[in-house]
Amino acid sequence: MSLKLAEPVLNADFYARPVVDVARGLIGCTLMHRGTGGVIVETEAYHQSESACHAFRGPTPRARTLFAAPGTAYVYFSYGVHSLLNAVAEPDGVGAAVLIRALVPTHGINEMLQRRGRDRHRDLCSGPGKLTQALAIGLDLNESVLTGGPLAIHEPAADAARYEIVSTPRIGISNAVDLPWRFYAEGVEHVSRAR
DNA sequence: CATGGGATTGACT
DNA sequence: GTCAATCCCATGC
């Protein structure tokens, strides 16, 4: 298996756009970390202007990363159990990011199955905490660059399937529940399931 | 400094 | 359907 994908890594210009556009644009792209990865099929947008975003109260120690340069990885720890991965968007100084919520596993599947301790493909990366476990993405990668580091997101292949993108309210939040800022690829089995 | 909650998941009733 | 796990960090005194 090759270590690198043929498709180019998304650059800072891709991320330096309105966060909702970036969230839609990331559907179909491939997230890779050291030989493991998959195609992004579910995302959510967060922006400092709305109260569900960690950046809503300004650049606190945790939220500081959200204000970093576009294409920075924002990784934080949730429920004392899971790391969650976001891609920082919008120009430098604006607090906004896209939460990566689900992948179709494509690379290093055996390794990911081992890390997850389960044998069902469908459960490998079908949630924000699952995919970080499968790809071994931890807090050490917070503030790392997605545009030229071990963690990277690649453009879709030219012959990749074109997904129909559906938008819904975001999952698991108690503020700004009305905004339809969750995006997923319609009909894909690896999208996170409603509880 | 003490306290409370959370962009979740898996196990169990 | 219900609940515990488990820790970072935001908030308030």
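So that the names make sense, note that chain A is the first sequence line, chain B the second, and so on, each numbered from 1. Keep in mind that what you see is a predicted model, and the values were worked out from it rather than measured.
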A:Arg195 vs B:dT9: side-chain N/O to OP1/OP2 distance below 4.0 Å: no
Sugar-phosphate only, base, or nothing, as touched by A:Arg57 at under 4.0 Å among non-hydrogen atoms: sugar-phosphate
A:Tyr79 OH - C:dC9 P separation (whole Å): 16 Å
Nearest-nucleotide comparison on DNA chain C, the residue closer to the 5′ end among A:Leu139 and A:Val81: A:Val81
Sugar-phosphate only, base, or nothing, as touched by A:Arg116 at under 4.0 Å among non-hydrogen atoms: sugar-phosphate
Under-4.0 Å side-chain N/O to phosphate OP1/OP2 contact, A:Thr60 with C:dA10: yes
Among B:dT9, B:dA7, C:dC7, the one nearest A:His82 by side-chain distance: B:dT9
Touch class at under 4.0 angstrom, heavy-atom based, for A:Arg118 against every strand present: sugar-phosphate
Consecutive-pair stems (3 or more, Watson-Crick or G-U, under 3.5 Å) for DNA chain C: B:1-6 with C:7-12, B:8-12 with C:1-5
Sugar-phosphate only, base, or nothing, as touched by A:Leu84 at under 4.0 Å among non-hydrogen atoms: sugar-phosphate
Sugar-phosphate, base or nothing in reach of A:Arg62, heavy atoms under 4.0 Å: sugar-phosphate
Side-chain ion pair, A:Arg17 and A:Glu90, N-O less than 4.0 Å: no
